[in-house]
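Below is one structure, written out as structure tokens; the observations come after it.
Every chain is numbered from 1, with letters handed out A, B, ... down the list of sequences.
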Amino acid sequence: MDLLPIQLEILIRQAIHAAQAAGDLPEFDLPESLTVQRADPAHGDYASPAALQLAKAARRKPLDIATAVAAHMPAVDYVGAITAAPPGFLNIRLADDWVLEQVEAIIAARDDVFALEIGAGQRAQVECVSANPTGPITVGRTRGGVIGSTMANLLAALGYAVELEYYFNNAGRQMQMLGRSLQARYLEALGLAFELPAEGYQGDYLIELAKQLVAEHADALKDESWERFKTLAEVAIFEWIEASLNRIHMKFDEFFNENSLYESSAVWEVLEALEQRGYVYRSVLHAAATDEERAQVKPGAKEAVWFRSTAFGDEKDRVLVKSTGEPTYVLPDIAYHKNKLDRGFHYLVNVLGTDHIIEAQTVARGLEAIGYDPEPVHVLLHQFVTLFEGGEKRRMSTRKGEYVTLDELVADVGADVVRYFILARSPNSHLDFDLDLARTQANENPVYYIQNAHVRCAGIFRQVAESDLDTTPPADLSLLGEQERAFVRKLLELPEIMVQAYTELAPHKLAFYALELAREFHPMYENVRVLHSEVPHDVARARLRLYAAAQMVFKRLLTLMGMSAPDVM
RNA sequence: GUGCCUGUAGCUCAGUGGAUUAGAGCGCUUGUCUACGGAACAAGAAGUCGGGGGUUCGAAUCCCUCCAGGCACGCCA
């Protein structure tokens, strides 16, 4: 079944046509979409301002249109009442019986509760983190990881077969510098003469790693090249990275090495494809260079290979191969995305920091230029993380060894808090991560409020197991009161939130919904007791079904966010 | 300088055209409870939605302009 707002929109359309056929409304063209949204509970479950939108075309008062639509609304089991309200809203209330039936449907679905089929039979891939293995995972990269893994969980719930991928480059100047830095630290640990490169990596982790190497190999490596040390560093750092990410419940299916695109010559095939289609030229300067730029060209300057990206709306052409003969990052990146599409993924998400926006656009243009449709590639950009400690902004640099690692953060506040803290804001908003605040507020956190809802449900069932209450279904759910029914209505919002988070690439919607749901749960828990001498057994049994459903949904929600759903805290 | 993002309660942030009083968490004030885990519940104070102008039946939301912060404008990745 489609989501309720979609169903309701269809019903409203049918009602309009019926009203027109009956002569209660004049003929007019309907817009492509009519708004149906969640309503203030005082008004109903859903509301539609459709009549207000149609007033002009129909040349009738909005309230008259709404009244006519309400009168001709087709009867279905899930709609209880539809009424017109000034100035022309349609208020729709779900049928009570139908709402109560959903309690059993939720329980029956278990861990798959609210699973959807949007992506059924399709493959999706989420790429995130993708930091080169030059040091520990920092807080900045963590944001992309949390967002990416949540999107991956979400896509799986929508029916996609999902893979999580990490793209990296273990060649290049950065990695050479890493190798040389480790080499220096190794010689230092042996007490030999050493020189840390001027642009070298200064983090303590290389000193630690060097000590390990001495412990394992003594001085056997002292005459090895920097390449050997680069490999040693890379292997060790990747182990750390994977372990760190595992701590926040992230597991990658694939680590994709950029270098494989050279080994398979995929990079050069892309260049050839671009060339064949006429989007490549060789020149010292880009085609739209100004006279001023031309005047500054030094004699004997070598030509570079350019991508005519302006043919696809770019503001300037981009270099594919430098005058040194070495490709820029652009070329392998296009090859990488071609590779992803060739692997048969139907839906791709790239989680990137906003500083990579140009890169994302260039890749899309490159794919188009070689005849690929970039439509399946969805770019989820997130703003930066600024870390504060002691009221001061902490500037991060992996190379200088200035950073706060994910591990430190997890050690301070725990994995669930890290994930929720990051997830509970729009990717579009700058994230000020105040370390002191995170530490002191660890116990005053929404995370615990949400998880406590799950704990309380689990607690009830622990107690029930020791009581003499007969828990075998069925239970008479009609014994549930208003507060309980309102809560079930809130539970039923989750699939709509999931679809919104998916279509808008906005995983933070899950985090806010979780808090709202907990906010409705706890007051109910205070009032709606199960095990109490004054609660009749049949009422207690009905309430147990409610709490079983609540527990199921909280677990689903926490799992989607990559958080744990504890039974005790 | 140009483009993109951001500016909403003391703090951290939702909400980006729809329903008299603009929401949440934290913090603050005042209460509740010898019933399933109190990391709870209830009540309250707190906002010129950065400033100004415009469009609309209706604007935090769209348009213009100004102010403030971030990011991007490389033959770096």
Side-chain angles (χ1 to χ4, degrees), chain A residues 35 37 39-40 42-43 47-49 52-53 55-56 62 85-89 91 130-132 168-169 172-174 258 284-286 301-306 315-316 318-330 332-333 353-359 361 381-384 386 421 424-434 437-438 440-453 455-464 466-467 506 508-509 511-513 515-516 518-519 521-535 540 543-544 547 567-569:
Chain A
T35 305
Q37 57 203 199
D40 182 328
H43 296 121
S48 174
L52 293 163
Q53 295 170 327
K56 203 169 261 178
F89 287 97
N91 292 327
S130 296
N132 289 337
F168 71 98
N169 171 358
R173 196 181 309 143
Q174 274 183 16
E258 178 187 317
V284 172
L285 288 171
H286 63 103
K302 288 184 182 162
E303 291 182 329
V305 179
W306 294 80
E315 56 192 17
K316 55 171 292 192
R318 310 282 165 180
V319 172
L320 294 169
V321 183
K322 303 180 211 172
S323 52
T324 60
E326 201 184 351
T328 63
Y329 69 93
V330 173
D333 222 6
T354 46
D355 53 335
H356 289 84
I357 183 165
I358 299 293
E359 169 184 354
Q361 290 170 346
L381 294 172
H382 63 82
Q383 301 288 330
F384 280 20
T386 313
F421 208 108
R425 59 240 322 128
S426 157
N428 258 343
S429 108
H430 301 272
L431 172 46
D432 288 336
F433 205 121
D434 188 324
L437 202 67
T440 59
Q441 288 192 349
N443 290 329
E444 304 292 334
N445 215 285
V447 174
Y448 299 97
Y449 188 74
I450 295 162
Q451 289 179 322
N452 194 33
V455 167
R456 284 179 142 180
C457 291
I460 293 172
F461 288 100
R462 266 197 306 278
Q463 289 288 322
V464 165
E466 292 169 14
S467 76
H508 68 285
K509 304 238 172 201
F512 282 91
Y513 170 75
L515 188 56
E516 282 175 26
R519 188 73 213 148
F521 175 88
H522 290 293
M524 177 178 76
Y525 176 90
E526 294 287 324
N527 294 329
V528 183
R529 295 282 160 165
V530 177
L531 293 167
H532 185 258
S533 55
E534 285 173 22
V535 178
R543 289 177 176 180
L544 268 183
Y547 285 113
D567 288 341
V568 289
M569 290 197 299

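- Comparing B:rC75, B:rA77, B:rA39 by their closest approach to the side chain of A:Asn452 singles out B:rA39.
- Of all nucleotides listed (B:rC41, B:rU6, B:rA39), B:rC41 comes nearest to the side chain of A:His522.
- For A:Arg173, no side-chain nitrogen or oxygen approaches OP1 or OP2 of B:rC76 to under 4.0 Å.
- Across all strands shown, A:Leu515 has heavy atoms under 4.0 Å from sugar-phosphate atoms exclusively, and none from any base.
- At the phosphate of B:rG15, OP1 or OP2 sits under 4.0 Å from a side-chain N or O atom of A:His508.
- Nucleotides B:rU29 and B:rC71 have their C1' atoms positioned 42 Å apart, rounded to a whole Å.
- Using C1' as the reference atom, B:rA19 and B:rG23 are 16 Å apart when rounded to the nearest Å.
- Across all strands, A:Asn91 comes closer than 4.0 Å to base atoms (heavy-atom distances).
- When heavy atoms are screened at a 4.0 angstrom cut-off, A:Val535 is found touching no nucleic acid atom at all.
- To the nearest whole angstrom, the two C1' atoms, one in B:rU61 and one in B:rA14, are 13 Å apart.
- A:Arg425 is linked by a salt bridge (Lys or Arg N to Asp or Glu O under 4.0 Å) to nothing, counting only residues two or more places apart in sequence or in another chain.
- Contacts of A:Asp333 with the nucleic acid, taken as non-hydrogen atoms under 4.0 Å apart, are absent.
- Comparing atom distances between the A:Lys322 side chain and each of B:rC13, B:rC41, B:rA77 picks out B:rA77 as nearest.
- Listed nucleotides: B:rA19, B:rA77, B:rA24. Nearest to the side chain of A:Ala85: B:rA19.
- Here B:rG70 is the nucleotide among B:rG25, B:rG70, B:rG37 with the atom lying nearest to any side-chain atom of A:His430.
- Nucleotides B:rC13 and B:rU55, compared at atom C1', are 30 Å apart to the nearest Å.
- Spacing between B:rU56 and B:rA9 at atom P, rounded to whole Å, works out to 30 Å.
- Closest contact between the side chain of A:Pro49 and the listed nucleotides B:rG15, B:rC36, B:rG18 involves B:rG18.
- In the set B:rA14, B:rC75, B:rG37, B:rC75 carries the atom at the smallest distance from any side-chain atom of A:Trp306.
- Among the nucleotides B:rC13, B:rA39, B:rG25, the one closest to any side-chain atom of A:Met569 is B:rA39.
- Put simply, A:Phe512 does not rest on the base of B:rA14: the two rings are not both less than 5.5 Å apart at their centres and under 30° in tilt.
- Rounded to whole Å, the separation between the P atoms of B:rA22 and B:rA59 comes to 13 Å.
- Residue contacts for A:Val568: at a heavy-atom cut-off of 4.0 Å it reaches a base atom on one of the strands shown.
- Residue A:Tyr329 is in base contact, counting any heavy-atom pair closer than 4.0 Å across all strands shown.
- Using a 4.0 Å heavy-atom distance criterion, A:Ala458 is classed as making no nucleic acid contact.
- Spacing between B:rG51 and B:rA60 at atom C1', rounded to whole Å, works out to 14 Å.
- Taking atom P in both B:rU6 and B:rC62, one finds a spacing of 9 Å when rounded to whole Å.
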Original post:
Dot-bracket for RNA chain B, 5' to 3', counting Watson-Crick or G-U wobble pairs under 3.5 Å, with [ ] for crossing pairs and | for inter-strand pairs?
Top reply: (((((((..((((....[....)))).(((((.......))))).....(((((..]....))))))))))))....
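- Of the candidate nucleotides B:rU6, B:rC75, B:rG37, B:rC75 has the atom nearest to the side chain of A:Ser323.
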Extract from the structure each pairing of a protein N or O with an N or O of nucleotides 72-74 of chain B at less than 3.5 Å, listing the distance.
none

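- Of all nucleotides listed (B:rG37, B:rU12, B:rC36), B:rU12 comes nearest to the side chain of A:Arg425.
- At distances below 3.5 Å, not a single donor-acceptor pair connects side-chain atoms of A:Thr35 with backbone N or O atoms of A:Pro49.
- A donor-acceptor pair shorter than 3.5 Å can be found between the side chains of A:Arg519 and A:Tyr449.
- From A:Asn452, atom CG reaches atom NE2 of A:His522 across 5.0 Å, with rounding to the nearest 0.5 Å.
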